[in-house]
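These notes are about the structure you will find just below.
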Amino acid sequence: MSHDTRITAIAKMNNTGMSDVGITSSGNADNTKTSNPSATGITKRRLADITFSNDAGGKLKLNGSYNAWYNGNKQTQSSLRNTYLPGDSSLIQQQQRDVSNNSLNHRLSIRSDWAIDSMQSLQSDAGFSYRKNDANTNSNDGTYYNNTDNLSFTRKSDVSSAGEGYGLNLNNNYRKRFHKPKRTLTANASVRYNKDNNIGDNYNTNQYYYPASTNKNDFISGEDKTTVNARGNISYNEPVTKYSTMTLSYSYTYNKNENDRNVSTILNGDRFTDSIQSRLNNNYSNEHGISLSYYHNREDKFRFSLQMDAQPFSRGISLSGFNNNYNLKQNGINYSPGLYTRYDFSKTSNISLHYNVALRVPELSQLQVIPDYRDSLNIYLGNPNLTGEKRHNVYMYTMLADKKAKSSFSININANLVQDKVVNDITITASKRVSKPVNANGYYSTGISMNYNNKLNKYISYSLTASGNQSSNITITNGVQQLIPN
């Protein structure tokens, strides 16, 4: 290649393996935990990397990389356990378990840096990714009474899943300087797109011999996911006076997610849709960010800044499932004003104080009223009466240093208080756990740290440090609210 272009290629291959016998904390072998193995089995890894760069010394520079990696894992386990029961009887449990996992990934990235002129530049990034994975687990269990000729129970389980997807992303950063000092303009625009498809099968057969009966529990699932994200922002910095500047920035973010999940049960060869676990979920959000800040710095004595952030938004969600169709839209605005001050007693001693409050509207997923049954043991319910959180943050820092005495002392104090904090009200029964977001008060956290340093001579110095914190959290379980201090 020429002196302007460079290419580097790397390839790696290796296998790793481990016994399926675990070691306890006392140093004894333990091969009885086949249902939750700690072994890794045999793993194959393949890796390839290629990077390139081109810099001819002109206005345009290019560089990029291509990465590919594969991981394959296989585990085979067998166990035999004999449990002795009262009355000279015993239970013999036998299990055979085979597990395989494979994943393949490709990623391509390219970056260009373009110096338009001495005052402007543009950086562009583009990327493509591809991913594929599959997993299979096959288990065969048998339980015998007294001896292996007296079979009482067998279970066969075949679970498989596979997924495939790809992603695209583009990002551009533009920067412009002006002849007037401290005046700058920056802009950014980016787009991300991801598409994934996942399928899964779950076949279970339980057979009892005394009395004779057979129970089958078969599921087939499929899920399609699509996400789109677009973002743009622009920021302008203007010097107002010799000692102060003002910054105005605007950003826009668009998100869209589509999730189509289908779950079916199989009974006597016929396939039925599971209306509880199947659902179509589409949601979007348009979020605007407006920020105005003023910064004043009076020659190493007094400085302060005022900042006001506002985030108007519109969100929407469409849910279909559990025999319901529901559309929910939300419009609102989040605020976050803040104040920062600092005073310098000298070049080595200062005190600073920072305070801000954030008003946050609940997320749309917290307001939706259709129960989320994707995990039948852990059900999530929305709360349309939920209100937003009010977060207060205070931070103070002081540094006192004496060059002549060669000593310094610093103290750091912070406090955080959240009003109407959103917590999950959890209801636990014998068959399920239901979570619902609610508002509660009582959450706070405080902290303090101090440090003293002193240098006695050229060779000896010492430091003393002390710190402490106090916080209170909130839990609600089965209607009982508790404040937990820490």
Side-chain angles (χ1 to χ4, degrees), residues 13-17 20 34-37 39-48 66-77 95-108 127-141 155-169 192-206 216-229 256-267 269-282 320-321 372-378:
M13 294 185 293
N14 60 61
N15 290 356
T16 61
D20 66 347
T34 57
S35 61
N36 186 23
T40 61
I42 303 298
T43 301
K44 296 180 180 180
R45 294 186 176 93
R46 307 288 186 264
L47 171 68
Y66 168 74
N67 313 101
W69 62 98
Y70 165 81
N71 288 317
N73 177 267
K74 289 186 177 182
Q75 298 181 38
T76 298
Q77 292 183 323
Q95 184 185 67
Q96 176 71 33
R97 188 170 184 264
D98 298 304
V99 181
S100 66
N101 292 277
N102 299 284
S103 65
L104 175 66
N105 292 270
H106 297 271
R107 184 174 59 197
L108 175 66
F128 172 79
S129 62
Y130 172 80
R131 47 199 172 267
K132 186 177 182 180
N133 62 81
D134 63 79
N136 294 278
T137 301
N138 306 109
S139 299
N140 289 281
D141 304 336
R155 176 175 58 195
K156 183 178 181 181
S157 174
D158 296 312
V159 181
S160 63
S161 63
E164 187 175 20
Y166 63 91
L168 297 168
N169 69 83
R192 293 180 180 271
Y193 177 85
N194 288 281
K195 174 70 174 178
D196 288 277
N197 176 263
N198 299 282
I199 58 174
D201 299 326
N202 190 333
Y203 298 97
N204 292 277
T205 302
N206 299 328
K216 285 190 175 184
N217 188 15
D218 299 336
F219 290 92
I220 295 177
S221 64
E223 188 170 27
D224 291 322
K225 295 181 180 180
T226 303
T227 62
V228 179
N229 171 268
K256 184 177 181 181
N257 297 277
E258 297 180 354
N259 188 327
D260 187 2
R261 187 170 190 262
N262 293 292
V263 179
S264 301
T265 60
I266 299 177
L267 181 63
D270 296 324
R271 182 168 174 169
F272 302 91
T273 299
D274 187 332
S275 60
I276 294 179
Q277 299 190 63
S278 299
R279 62 169 46 205
L280 176 62
N281 184 337
N282 296 325
S320 300
D372 188 345
Y373 286 102
R374 283 177 290 183
D375 184 348
S376 59
L377 299 179
N378 296 280

NZ (Lys195) with more than 12 external heavy atoms under 6.0 Å: yes
Least distance between heavy atoms, Asp196 atom then Gly165 atom: OD1-CA, 3.6 Å
Interatomic distance, Gln75 atom CD to Ile42 atom CD1 [nearest 0.5 angstrom]: 9.5 Å
Euclidean distance, Ile220 CD1 relative to Thr265 OG1, rounded to 0.5 Å: 9.5 Å
Between CD1 on residue Ile199 and CD on residue Glu223, distance to nearest 0.5 Å: 12.0 Å
Those residues that, when tested against Ser139, pass side-chain contact (heavy atoms from CB on, under 4.5 Å) (two or more places apart): Arg97, Thr137, Ser157
Side chain proximity check, Val99 to Gln77, heavy atoms < 4.5 angstrom: no
Given Thr76, Asn140, Asn136, the one that forms side chain to side chain donor-acceptor pair (under 3.5 Å) with Asp98: Thr76
For the student: nearest non-hydrogen atoms of Ser221 and Val263, plus distance: CB-CG2, 4.0 Å
Donor-acceptor pair, side chain of Asp218 and main chain of Asn204, under 3.5 angstrom: yes
Nearest-0.5 Å distance, NZ of residue Lys74 to OG1 of residue Thr43: 11.5 Å
Asp141/Arg155 ion pair, N-O < 4.0 Å: yes
From CG (Asn105) to CG (Asn133), nearest 0.5 Å: 8.5 Å
Neighbour count >12 (heavy atoms, 6.0 Å) for atom CZ, Arg131: yes
Pairwise distance CG(Asn102) to NZ(Lys132) - rounded to 0.5 angstrom: 10.0 Å
Residue among Tyr130, Tyr66, Trp69 satisfying side chain to side chain donor-acceptor pair (under 3.5 Å) with His106: Tyr66
